[in-house]
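So the structure is just underneath, and the comments pick up after that.
Computed from a predicted structure; not experimentally measured. What you see below is based on every heavy atom in this structure, not just the backbone, and it leaves out hydrogens, waters and symmetry mates.
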Amino acid sequence: MFPNGVGEYVDLMQDLIPGMKDGTVRTAIDTGCGVASWGGDLLDRGILTVSLAPRDNHEAQVQFALERGIPAVLGVISTQRLPFPSNSFDMAHCSRCLIPWTEFGGIYLMEIHRILRPGGFWVLSGPPVNYEHRWRGWNTTIEDQRSDYEKLQELLTSMCFKLYNKKDDIAVWQKAKDNSCYEKLARESYPPQCDDSIEPDSGWYTPLRACFVVPDPKYKKSGLTYMPKWPERLHATPERVTTVHGSSTSTFSHDNGKWKKRIQHYKKLLPELGTDKVRNVMDMTTVYGAFAAALINDPLWVMNVVSSYGPNTLPVVYDRGLIGTFHDWCEAFSTYPRTYDLLHLDGLFTAESHRCEMKYVLLEMDRILRPGGHAIIRESTYFVDAIATIAKGMRWVCRKENTEYGVDKEKILICQKKLWHSSNNGSR
């Protein structure tokens, strides 16, 4: 896809989008990511990318990406919304990703519109961009490619995207920075604007709809134009924290301070944390992403998981310049086996044991975790012994530790998954 290397490709993209250089653009999503070379290159430039690909005829693309230490999840834009809130990503990218953007009424592009924040960029390279010079290599006619490009441009315009920049095989569109464009659209125009019957931030088993979500105008500071630049963005209180029941600037600040202390304690208990031995990390029960924020200067990345049944704090995570996903831990996570170096959970069984059987959650953790990888399990004393018993049956090695506060009602289990082989005598 990148004949002269991905570095030169991203250099050209940065020329087209200057905000990629100064901290304006921090989060990105790559649809049809291949082995995530684009996301890997952006990591070195301070842009955190969720690379998204299905398990299709290309086989284990996402597994290759995670083996390289690049954030990636299994997923496809098909009939359900992606597991992200609205107005999350600063940039979305498709390079020959074979998604039929103008088919089915443009419903897939409507989903990209939903998850892009106001002022965000959509980047397309490959067909039909630059069709005037490339059509011969695409097994089609120049008339067909011209028609495809015009349909795409018409669809984007109808959703208030504007062509921001274009050069060679790369075209960049920008989502409207505010709602003035949407207000000018005719009511009978197509595609229609969504009504309020489905929550814009709902991204868990929510069907795609043939309409596009107009951003809520009262959250003006969530637009890319008004967001603090990275890294200031990490510690600024996001405007959308007020949408979470019981949350405020003070609770956000308190959570940050609490996790700074906890991470210092974790590093004493697990010296590998913060070194190059730990790269792919998952926080299975995040709130505002403070666990990840406290680790921001370490050579790792964190996938922040917000419960689909709990308060929706994922918009706050993205507004901080971090990445994450919705998930229900009564189900399997959308990744390949043995793809994470460290799993962290805080009170998951206390919160979810009435819905999810403990042993199945731990078996899923065992599937995700690499041999030699660690789990930091922070739980009430009531659950710790039961967890340790199940972990022993999975051939994990665990030790019980006190929390940083040394209270009896809560303990920490530091566990390591060992590499072992089944007996030659067969299963028992």
*Determine, step by step, whether Arg378 and Glu404 satisfy the salt bridge (charged side-chain N to carboxylate O under 4.0 Å, His left out) criterion, reporting the C-alpha distance in whole Å, the side-chain angles of both residues, the deciding distance to 0.1 Å, and the verdict.*
CA-CA 11 Å; Arg378 188 184 190 102; Glu404 62 281 0; 2.7 Å; yes
*Applying ring pair (Phe, Tyr, Trp, His ring centres under 6.0 Å), which residue pairs with at least one partner in residues 224-250 are found, sequence neighbours left out?*
none
*Look at atom NZ of Lys167 and say whether more than 12 heavy atoms of other residues, nucleotides or ligands are closer to it than 6.0 Å.*
no
*Glu67: partners by salt bridge (Lys or Arg N to Asp or Glu O under 4.0 Å), with sequence neighbours left out*: Arg370
*Look at atom NZ of Lys177 and say whether more than 12 heavy atoms of other residues, nucleotides or ligands are closer to it than 6.0 Å.*
no
*How about Tyr318 and Phe89: are their ring centroids closer than 6.0 Å?*
yes
*Is a side-chain donor-acceptor pair under 3.5 Å present for Gln63 with Arg338?*
no
_Filter on ring pair (Phe, Tyr, Trp, His ring centres under 6.0 Å), then keep only pairs touching residues 152-180, sequence neighbours left out; what's left?_
His113-Phe161, Phe121-Tyr164, Trp122-Trp173
_Does Tyr360, at its OH atom, have more than 12 non-hydrogen atoms belonging to other residues, nucleotides or ligands within less than 6.0 Å?_
no
*Could you tell me whether Lys229 and Glu232 make a salt bridge, using a distance below 4.0 angstrom between a side-chain N and a carboxylate O?*
no
*Any chance the rings of Tyr149 and Trp101 have centres within less than 6.0 Å?*
no
*Apply the test salt bridge (charged side-chain N to carboxylate O under 4.0 Å, His left out) to residues Lys175 and Asp90: give CA-CA distance (whole Å), side-chain angles for both, the deciding distance (0.1 Å), then the verdict.*
CA-CA 10 Å; Lys175 182 178 174 178; Asp90 305 335; over 6 Å; no
